[in-house]
Colleague: 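I have a structure here, written as structure tokens, and I will follow up with some questions on it.
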Amino acid sequence: MIDSTTALYFVFLASFLSIAYALFTAYYVLSKDDGNERMKEIAKAIQEGAGAFLTREYKTIAIVAIVIFAVLWALGLKSRHFGLLTALGYLTGALLSGLAGFIGMFVAVRTNVKTAEMAKNGLAKALNLAFRGGSVTGFLVTGFGLLAIAGFYTLSVYVFKQPVEHTIKALIGLAFGTSLISVFARLGGGIYTKAADVGADLVGKVEAGIPEDDPRNPAVIADNVGDNVGDCAGMAADVFETFTVTTVAAMVLGHTLFDKAGTVGIATMFPLLIGAIASVSAIIGTFFVKLGKSKNIMGAFYKGMIVTAIIALIIIYFASKSIFGNGLTYSWGTVTSTGVFLASVIGMAITGFLMFVTEYYTSYEFSPVKSISKSSTTGHATNIIQGMAIMLKAPALPAIIIALGIFFSYELAGIYGVAIAAAAMLSLTGMIISIDSYGPITDNAGGIAEMAELDETVRAVTDPLDAVGNTTKAVTKGFAIGSAALAALVLFAEYTRSIGGLTSFDLSNPLVLVGLLLGGLLPFYFTAMSMEAVGIAGGQMVEEVRRQFKTIKGILEGKAKPDYASCVDIVTKEALKKMIAPGLIPVLGPIIVYIFFGKISLGALSMGSIITGFFVAVAMTSGGGAWDNAKKYIEDGNFGGKGSEAHKAAVTGDTVGDPLKDTAGPAINPMIKIINIIAILIVLTNL
């Protein structure tokens, strides 16, 4: 029978295998050819811009992080549970989250030019290289995530001899550290990438009538940098946070439900074990990501996902039989091995369904995107109207899928079953992030091919890779949002237990209504501030690009070189300045509500933020992705093609959708989890 110690050993092994695979793959990718001197020059500018932004962003985040570290440590004067131990957990989560994003982006901004060069050898080889480059980020996220949780637990209990009860509770601090990095990385990277995109699109495409990645566009380097800091480093931090928070929440709940005082049983370690099993399975799954005879790129990714899920579920089946063979009993009833295994199946099935639904709404193979493209033929306004209609429809199926998943997993194993479903869903993180990070790599590869004026045969390879990249990025965001809803629900369940086992909130109680209304408000105000930040920064980019077109003689004729650095500098400063205020909303909101209205309102605040946050996030990310690919569908020669009036309307729609899908929408994921984590921290510190 597998015990908690054996499970812990396997988690360490899986984390080391994941990290080793990521480093070996990085070595393989970085050994490939960079192409000609012009390609190297462009790639170097992107690398320098991305590195400079991320360094400055992390320095800004570090200031906030140090303040919160000191506050968590100071709370130890009142409660030993949340003293130095919790502060160290918080620091561990923050550091490893940042490191995963930084290394992943380092490799991604070097894989882009190599993918452009590899495109000369055909679609299959370019796809393979881009995916391998993305898998570095994917497996660093899971490897570091497993190492953070297992390593912190081992050091605390076995090295520093801290009580088990303190250690388990202090894991909430680790989850908080990952959440803090995530919300600022998402906001900073999102504001940067979309502000740069606005300047490149509105002035370059619409006003000057030049292609998207034309080297005459002063914003083109900033735009390519933004793809990496937003969709690579930002998404890595986002899903790293979701992975660790979900696992920690499931572990804490398992400990609360099943363990005797001072002990850690296998029910506590099982969610972590699921992540370790799937992480190793995903390494095998990567070798099945290959282009078939149909040349279906998404089909190649689905093969890898299916193989990963099947292998993982087979191992989880035998592990659950060994662990829960005789059943575990608590107040809800008995948890059986069958119930736990089927809850795991439900979690992975939710991932598959969410991927398909998101692809349906964001790929131009299906009617939603085509309907937006068609509406562009009658103008800008009709493009926006149809895009908003698709955006508002998009959350329906994901909501139904998650609702059914919650219902059946609860029927199978109570609230622990919901936690297991969430952990199983997040266990596929390695493969999901590999697919996501492929997106900015292929986007940049296409841009480098355009700027370096490579043969049209190269763009014939990079363009379809890039188009699928938009879908994979949208799919990952759908996955992150869906898992965030489940993770927040598990956190909320732990909150209700922490305040004395409260199982219901009476709507006739004004404190409940106050909390629900304020919680429902926060995601809307948070996204409003995020959108406003993009608008302001984007406006400055527009003015800068216009200034260069007017003052630098010969720029549009290709006789003078644009000042790329000034655009990078402008958008970097604005992104770092504008990310702080919205980032503090999920931290200060729960504290203020607790001070004025108490624990009941704080719990209701958490519920309200989960409900509205989920719908706003899904609508924004799917709607934005649909607008983006509607533009690309026209650029492929449909409804008039590039330069047509329909294309101009589609560019406007894409510009509106970009900050929705890449800034505001994805940042809601860590936001709602921070609210729930802060609520638990407040209760457990007895403030």
Side-chain angles (χ1 to χ4, degrees), residues 193-220 222-224 226-227 361-364 367-391 443 446-447 450-451 459 463 466-467 469-471 474 531 534-535 537-550 555-558 562 567 620 623-663:
T193 184
K194 292 307 106 181
D197 212 5
V198 167
D201 280 358
L202 289 186
V203 185
K205 277 187 178 182
V206 176
E207 294 182 9
I210 58 179
E212 181 173 1
D213 293 307
D214 196 296
R216 294 172 292 175
N217 193 329
V220 71
D223 189 14
N224 279 277
D227 292 327
Y361 276 104
T362 58
S363 171
Y364 55 53
S367 60
V369 169
K370 290 180 179 179
S371 71
I372 299 175
S373 299
K374 184 177 181 181
S375 71
S376 303
T377 60
T378 51
H380 299 250
T382 48
N383 170 282
I384 299 298
I385 291 169
Q386 182 62 20
M388 289 189 69
I390 297 300
M391 181 177 78
D443 191 315
E450 179 78 30
M451 287 184 278
R459 285 310 301 252
D463 282 353
D466 181 23
N470 281 324
T471 301
M531 293 288 289
V534 172
Q540 293 196 19
M541 281 293 289
V542 166
E543 292 300 325
E544 173 60 19
V545 175
R546 284 173 177 167
R547 182 194 68 79
Q548 291 197 32
F549 281 155
K550 290 178 181 177
I555 188 172
L556 286 173
E557 292 76 24
C567 288
M620 286 186 167
W627 260 312
D628 192 338
N629 271 341
K631 175 197 70 176
K632 283 186 165 50
Y633 187 67
I634 292 175
E635 289 176 345
D636 280 352
N638 300 289
F639 300 111
K642 289 183 179 180
S644 66
E645 291 303 312
H647 183 235
K648 291 178 181 178
V651 170
T652 299
D654 176 37
T655 306
V656 172
D658 271 344
L660 295 177
K661 71 180 176 67
D662 291 327
T663 308

Colleague: As an exercise, state the distance from CG of Asn629 to OH of Tyr361, rounded to the nearest 0.5 Å.
Modeller: 15.5 Å
Colleague: Given side-chain contact (heavy atoms from CB on, under 4.5 Å), test Glu645 with Thr377 step by step and report yes or no.
Modeller: CA-CA 7 Å; Glu645 291 303 312; Thr377 60; over 6 Å; no
Colleague: Ser373 side chain to Ile634 main-chain N or O, any donor-acceptor pair under 3.5 Å?
Modeller: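 Side chain of Ser373 to backbone of Ile634, a donor-acceptor pair under 3.5 Å: no, none is there.
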Colleague: Is there a side-chain contact between Met531 and Thr663, using heavy atoms and a 4.5 Å cut-off?
Modeller: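 In short, these two side chains do not touch, never coming nearer than 4.5 Å.
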Colleague: Return the minimal non-hydrogen interatomic distance between Ala650 and Asn383, and the atom names on each side.
Modeller: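 So the minimum-distance heavy-atom pair works out to CA-ND2, 3.7 Å.
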Colleague: Specify the closest pair of heavy atoms between Asp658 and Asp628, including all atoms of both residues, with the distance to one decimal.
Modeller: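 Here Asp658 and Asp628 meet closest at OD1-OD2, 3.9 Å.
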Colleague: Is the closest basic N to carboxylate O distance between Lys632 and Asp636 below 4.0 Å?
Modeller: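 Looking at Lys632 and Asp636, the cut-off is not met.
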Colleague: If only side-chain N and O atoms count, and only distance matters, is there a donor-acceptor pair under 3.5 Å linking Gln548 with Glu544?
Modeller: yes
Colleague: Go through Thr655 and Val651 one step at a time and tell me if the side-chain contact (heavy atoms from CB on, under 4.5 Å) criterion holds.
Modeller: CA-CA 6 Å; Thr655 306; Val651 170; 4.1 Å; yes
Colleague: Taking side chain as C-beta onward, heavy atoms only, is Trp627 less than 4.5 Å from Leu660?
Modeller: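 Yes, their side chains come closer than 4.5 Å.
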Colleague: Within the distance-only criterion (no hydrogens, no angle test), does the side chain of Asn638 pair as donor or acceptor with the backbone N or O of Tyr633 below 3.5 angstrom?
Modeller: yes
Colleague: Heavy atoms only: give me the nearest Ile555-Pro218 pair and the separation to one decimal.
Modeller: CD1-CG, 4.0 Å
Colleague: Between the side chain of Asp197 and the main-chain N/O of Asp223, is any donor-acceptor distance below 3.5 Å?
Modeller: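 Side chain of Asp197 to backbone of Asp223, a donor-acceptor pair under 3.5 Å: no, none is there.
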Colleague: Apply side-chain contact (heavy atoms from CB on, under 4.5 Å) to the pair Glu635 and His647, showing each step before the final yes or no.
Modeller: CA-CA 7 Å; Glu635 289 176 345; His647 183 235; 2.9 Å; yes
Colleague: For Asp654, which of Lys631, Lys648, Lys661 qualifies under salt bridge (charged side-chain N to carboxylate O under 4.0 Å, His left out)?
Modeller: Lys631
Colleague: Quick check: do Pro562 and Phe549 have side-chain heavy atoms less than 4.5 Å from each other?
Modeller: no
Colleague: Taking Gln386's backbone N and O only, do any of them form a donor-acceptor pair with Ser375's side chain (distance below 3.5 Å, no angle check)?
Modeller: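 Side chain of Ser375 to backbone of Gln386, a donor-acceptor pair under 3.5 Å: no, none is there.
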Colleague: What's the verdict on side-chain contact (heavy atoms from CB on, under 4.5 Å) for Ile384 and Met388, showing C-alpha distance, side-chain angles and the deciding distance?
Modeller: CA-CA 6 Å; Ile384 299 298; Met388 289 189 69; 4.2 Å; yes
Colleague: Examine distances only and state if a side-chain atom of Arg216 and a backbone atom of Gly558 form a donor-acceptor pair shorter than 3.5 Å.
Modeller: no
Colleague: Look at the side chain of Asn224 and the backbone N and O of Val220, then say whether any donor-acceptor pair between them is shorter than 3.5 Å.
Modeller: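 Confirmed, Asn224 side chain pairs with Val220 backbone.
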